[in-house]
Amino acid sequence: MSDYDDFGEPLGAPIGLAARAMAARPMPYLEGLNPAQCAAVEAMDGPVLMLAGAGTGKTRALTTRIVHLLNTGRARPNEVLAVTFTNKAAREMKNRVGQMLGETVEGMPWLGTFHAICVKLLRRHAELVGLKSNFTILDTDDQIRLLKQLLRAANIDDKRWPARMLAGVIDNWKNRAWTPESVPASDAGLFNNQGMELYAAYQARLLTLNAVDFGDLLLHVVTIFQQHSDVLEQYQRWFKYILVDEYQDTNVAQYLWLRLLAGGHKNICCVGDDDQSIYGWRGAEVGNILRFEADFPGATVVKLEQNYRSTHHILGAASGVIAGNEGRLGKTLWTDKTCGDKVRLIGHWDGEEEARWIGDEAEAMQLGTRGDAGISLDDMAILVRASHQMRAFEDRFLTIGLPYRVIGGPRFYERMEIRDAMAYFRVTVQPEDDLAFERIINTPRRGVGDKALQSIQMAARAAGVPLLAAARKLLEAGEIKGKAKGALQVLVDGFARWASVAADPDANHVELAEVILEESGYTEMWLKDKSPDAPGRLENLKELVKALEQFENLQGFLEHIALIMDNASDEDEEKLTIMTLHGAKGLEFPAVFLPGWEEGLFPSQRTMDESGVKGLEEERRLAYVGITRAEALCTISFAANRRVYGQWQSQLPSRFIDELPEKHVEVLTPPGLYGGGYGAAGMAPSATMEAKAASADAYSSPGWRRMQSRQQERGFGAPREASKAVIDVTANASFTQGERVFHQKFGYGYVMGVEGDKLDIEFERAGSKKVVARFVVAADRADDVPF
DNA sequence: CCAAGGCCGGTTTTT
DNA sequence: CCGGCCTTGG
């Protein structure tokens with residue numbers, strides 16, 4: 001009947017038999033699990049909800065459950081569907097299952113992210129939604145460019161109605177599994193009453209491009225399942241057990257997808273924590289997890305509440321904060337660890353001082369000033385609400401030479417040069433990929449401007465063929481003139497040549513990639529480029545080519561890249577991590593800094609404006625996630641003043657600070673200073689009394705004294721008065737080329753050039769910068785610079 | 001086809 | 001206040 005009965009996957013060893021033999025043996029993997037974890041592993045049949053608080057050994061329970069299913073012969077590895085949200089989580093699970101099973105079992109083909117699994121499914125059944133199985137996956141950038149074209153075609157001013165906004169609207173609809181036909185009338189008014197039409201036009205355009213966006217991966221598969229019960233039933237039978245990680249983050253489309261697949265046997269195990277739902281803004285529905293027992297009657301609910309990560313005080317503080325939320329499923333985390341240090345709270349004068357203090361503190365902790373052995377920088381993290389907060393820390397750490405790593409900057413594959421190179425690869429393997437072709441038709445500049453492109457586009461539309469084919473036709477017909485003619489011919493011929501190499505299974509795709517970048521002139525473009533980031537970009541291109549080695553061909557690689565966000569860089573040196581709270585979910589660090597706990601920043605004003613109490617609760621969960629990342633030391637801070645869009649604003653301490661239970665907190669801020677703190681003006685009136693009491697003895701608290709003595713050791717007098725002083729001691733100083741100098745922000749460097757009062761300086765850590773002379777001192781006077 | 005200037009906007013982000 | 005994007009002018 002169909003050619004996918006065997007699901008295209010090797011079955012590997014006769015697992016059924018092997019498993020039966022193993023089932024008689026003891027199950028060593030169950031040892032060391034606590035009773036709740038055991039229950040979650042052993043409740044194999046029927047729906048199971050595993051409510052796993054932060055740090056309660058969720059991944060261990062989940063992987064053990066998979067091993068148990070395989071080991072008892074309930075399912076073969078390729079009959080278990082295990083879904084995660086991130087590639088990282090998928091990889092970790094794969095590794096851990098592999099480790100527990102030993103090397104005998106081949107990897108599990110259906111363990112992966114929602115998106116990766118959907119790609120696999122959609123490739124098999126693409127024709128059912130009008131696609132070919134070699135469809136391209138567009139990323140956000142492609143998506144925006146496509147929408148811009150549609151807006152232009154529809155004569156819509158994309159100033160007032162930006163493509164980004166439309167992309168957001170469409171994404172939201174796709175997250176809810178709404179096709180253009182099923183968008184409810186209540187949403188008809190969105191995007192200037194034209195959202196639905198544009199959505200339909202966009203989907204039609206994607207089909208002609210043989211392309212999908214991320215949302216489509218799920219949406220199309222759900223559509224297929226809904227419209228082709230025969231296909232659905234096969235998968236329902238095939239996937240004997242389903243496991244879902246981070247269930248609280250599922251959106252409606254993912255939820256429907258899971259319900260459809262689990263519809264037969266209902267052997268679905270969802271793992272999640274309602275208190276860690278922080279992705280509501282991108283369509284996640286906490287409701288999915290809150291409703292689980294209603295959706296799957298008779299479900300077994302297991303709560304994992306023993307925390308193996310954090311000390312008592314840290315858990316207490318986190319629990320106190322999260323208790324402010326309504327409508328929780330309710331868990332009580334406990335630990336048998338020591339009380340440890342209390343959560344430390346400190347207020348600062350401004351954001352720069354906060355960065356300075358954290359930098360000093362990190363150095364002190366690294367050296368072990370606290371009387372213990374010292375903590376590796378790898379074990380410390382600064383978790384911020386918004387990425388712009390990172391800059392203050394980067395600036396400061398650059399100055400003092402504290403090694404750090406920022407997680408979540410522009411990702412490798414989002415960089416311009418990588419996307420350009422990949423566009424060449426995409427056209428090579430998929431000549432219909434018009435978006436990719438448009439991207440590189442004039443990159444590097446080859447004299448093919450708007451005019452030439454427009455005539456190609458018109459020809460393509462008229463003939464109903466892709467752009468590359470249209471370009472070839474126009475050239476043959478001699479209809480392209482001037483500079484564009486020769487260059488375009490070279491490009492078109494190039495693609496023909498490269499495509500034939502790519503089609504040859506014996507050809508080496510890594511060499512092909514190098515040839516493409518060489519012959520197209522792309523590498524040369526960057527070699528000629530004199531901008532400071534050109535060498536870095538060439539480096540990235542090299543890395544890209546190197547990454548190709550791990551794949552069989554270009555197609556395989558492109559697919560991988562489209563779905564992966566790996567940011568592999570060499571990590572030899574110890575570094576302190578700076579990342580957003582969102583990015584930190586699932587991670588843990590011995591020492592965590594949580595700066596910027598101020599009203600408006602955290603909780604974010606915008607979230608509260610847009611989503612009211614619901615938004616505030618999500619922010620509170622974010623606070624909970626932040627605190628629970630810490631194993632031993634958690635330091636929360638806030639500043640009384642902060643520059644917001646260039647304006648100095650005075651800030652109020654976050655309401656979450658008032659929610660921290662007093663008994664788990666040590667206040668380092670002296671009362672009255674820095675205009676804030678537990679007990680300063682601006683706090684919620686209800687908490688004032690309690691807070692005043694808390695801060696009354698702040699001066700005598702061990703933390704405060706420790707801080708004082710440390711600052712004195714370093715020769716810092718009063719912590720702050722000096723900070724505002726301008727470095728004008730050298731206002732009249734002159735510098736000469738080659739002189740070694742010091743800058744408060746960028747550290748040490750050498751003067752490369754002098755133009756009036758501006759200096760061209762090559763800094764040791766911050767690279768080359770143009771700096772006004774009065775902000776710089778001679779290197780031997782660096783000690784005069786007040787910190 | 002490119003460079004300079006004006007204008008708007010400015011959370012979180014995986015796939 | 002800073003940076004990205006788009007427009008305009010050469």
Side-chain angles (χ1 to χ4, degrees), chain A residues 83-90 112-119 137-145 148 157-160 162-165 167-168 171 174-175 212-219 245-246 249-251 253-254 277-284 383-391 407-411 413-414 416 442-453 482-484 559-567 579-586 596 600-611 615 618-619 621-623 625-626 642-649:
Chain A
V83 244
T84 63
F85 274 84
T86 65
N87 292 298
K88 204 173 143 206
T113 63
F114 275 101
H115 294 266
I117 289 169
C118 282
V119 173
I137 304 162
L138 302 187
D139 59 25
T140 330
D141 209 73
D142 295 322
Q143 202 187 346
I144 299 287
R145 281 189 303 138
K148 268 190 186 148
D157 177 12
D158 73 355
K159 273 261 169 65
R160 281 197 51 185
R164 288 191 170 280
M165 186 196 226
D171 273 349
K174 288 185 175 176
N175 285 341
V212 299
D213 63 22
F214 282 121
D216 282 336
L217 290 173
L218 272 142
L219 180 63
D245 195 12
E246 306 280 13
D249 288 338
T250 50
N251 61 32
Q254 287 155 340
S277 163
I278 55 175
Y279 285 107
W281 51 274
R282 67 176 200 217
L383 308 180
V384 296
R385 171 71 245 269
S387 46
H388 66 249
Q389 292 172 258
M390 294 179 181
R391 247 189 71 185
I407 310 267
R411 281 167 230 317
Y413 74 98
E414 279 169 8
M416 187 193 353
N442 201 31
T443 308
R445 301 264 124 92
R446 43 172 73 90
V448 185
D450 280 348
K451 232 181 108 202
L453 180 58
K483 241 200 299 185
E559 176 138 309
H560 173 80
I561 286 298
L563 293 171
I564 230 88
M565 52 82 176
D566 264 334
N567 201 352
M579 67 199 306
T580 62
L581 287 162
H582 284 91
K585 193 164 80 159
L601 185 58
F602 187 45
S604 143
Q605 191 56 50
R606 189 156 155 184
T607 300
M608 291 189 296
D609 290 346
E610 277 172 14
S611 316
E618 185 155 310
E619 295 285 307
R621 291 193 290 266
L622 212 39
V625 167
R642 197 175 285 276
R643 235 191 345 211
V644 182
Y645 302 140
Q647 305 284 95
W648 279 99
Q649 269 186 16

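Proteins get letters first, then strands, A, B, ... in listed order; numbering begins at 1 in each. FYI, side chains are in, hydrogens and waters are out, and symmetry mates aren't considered; it's all heavy atoms of this structure.
When the P atom is compared between dT12(B) and dG3(C), the two are found 16 Å apart, to the nearest whole Å.
With sequence neighbours left out, S604(A) forms a side chain to side chain donor-acceptor pair (under 3.5 Å) with T607(A). For E610(A), the side chain to side chain donor-acceptor pair (under 3.5 Å) partners are R606(A), not counting sequence neighbours.
Between dT12(B) and S604(A), no contact under 4.0 Å exists linking OP1 or OP2 to a side-chain N or O. For dT12(B), the OP1/OP2 oxygens have no side-chain nitrogen or oxygen of R606(A) closer than 4.0 Å.
Look at R282(A) and D171(A) and you find no salt bridge, because none of the NZ, NE, NH1 or NH2 atoms lies under 4.0 Å from a carboxylate O.
Here E619(A) lies in heavy-atom contact (under 4.0 Å) with a base. When heavy atoms are screened at a 4.0 angstrom cut-off, E610(A) is found touching base atoms of the nucleic acid. If you check every strand for non-hydrogen atoms under 4.0 Å, V212(A) touches nothing. Residue contacts for T580(A): at a heavy-atom cut-off of 4.0 Å it reaches the sugar-phosphate backbone alone, with no base atom in range. Backbone-only engagement by N442(A) is indicated by non-hydrogen atom pairs under 4.0 Å involving sugar-phosphate atoms exclusively.
Taking atom CG of D171(A) as the reference point, atom C1' of dT13(B) lies 11 Å away to the nearest angstrom. The interatomic distance linking H388(A) (NE2) with dG10(B) (P) rounds to 13 Å, in whole Å. Straight-line distance from the CZ atom of R282(A) to the C1' atom of dT12(B): 9 Å, rounded to whole Å. When the P atom of dT12(B) is taken as reference, atom CZ of F602(A) falls 13 Å away, rounded to whole Å. If you take CE of M390(A) and P of dT12(B), they are 8 Å apart, rounded to a whole angstrom. Atom P of nucleotide dT12(B) and atom CG of L383(A) are separated by 15 Å, given to the nearest angstrom. Spacing between atom NE2 of H582(A) and atom P of dT13(B) amounts to 7 Å, rounded to whole angstrom units. Atom CD in Q605(A) sits roughly 15 Å away from atom C1' in dG10(B) (whole-Å rounding).
In summary, of the residues considered (L218(A), L219(A), T113(A)), a side-chain contact (heavy atoms from CB on, under 4.5 Å) with C118(A) occurs for L218(A) alone.
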Please list, pair by pair, any protein nitrogen or oxygen found under 3.5 Å from a nitrogen or oxygen in nucleotides 1-7 of chain C.
from, atom 1, to, atom 2, distance (Å)
dC6(C), OP1, K148(A), NZ, 2.9

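Distance alone, capped at 3.5 Å, is enough to place a donor-acceptor pair between the D213(A) side chain and the D216(A) backbone.
Of the residues near DNA chain B, E618(A) and F85(A), the one whose nearest nucleotide (by heavy atom distance) lies more toward the 5' end is E618(A).
Side-chain contact between I137(A) and F214(A) is present, with at least one heavy-atom pair separated by less than 4.5 Å. At a threshold of 4.5 Å between non-hydrogen side-chain atoms, the residues R446(A) and N442(A) count as touching. The shortest side-chain heavy-atom distance between Y279(A) and K585(A) falls under the 4.5 Å cut-off.
By the 5.5 Å and 30° criteria, W281(A) is stacked with the base of dT12(B).
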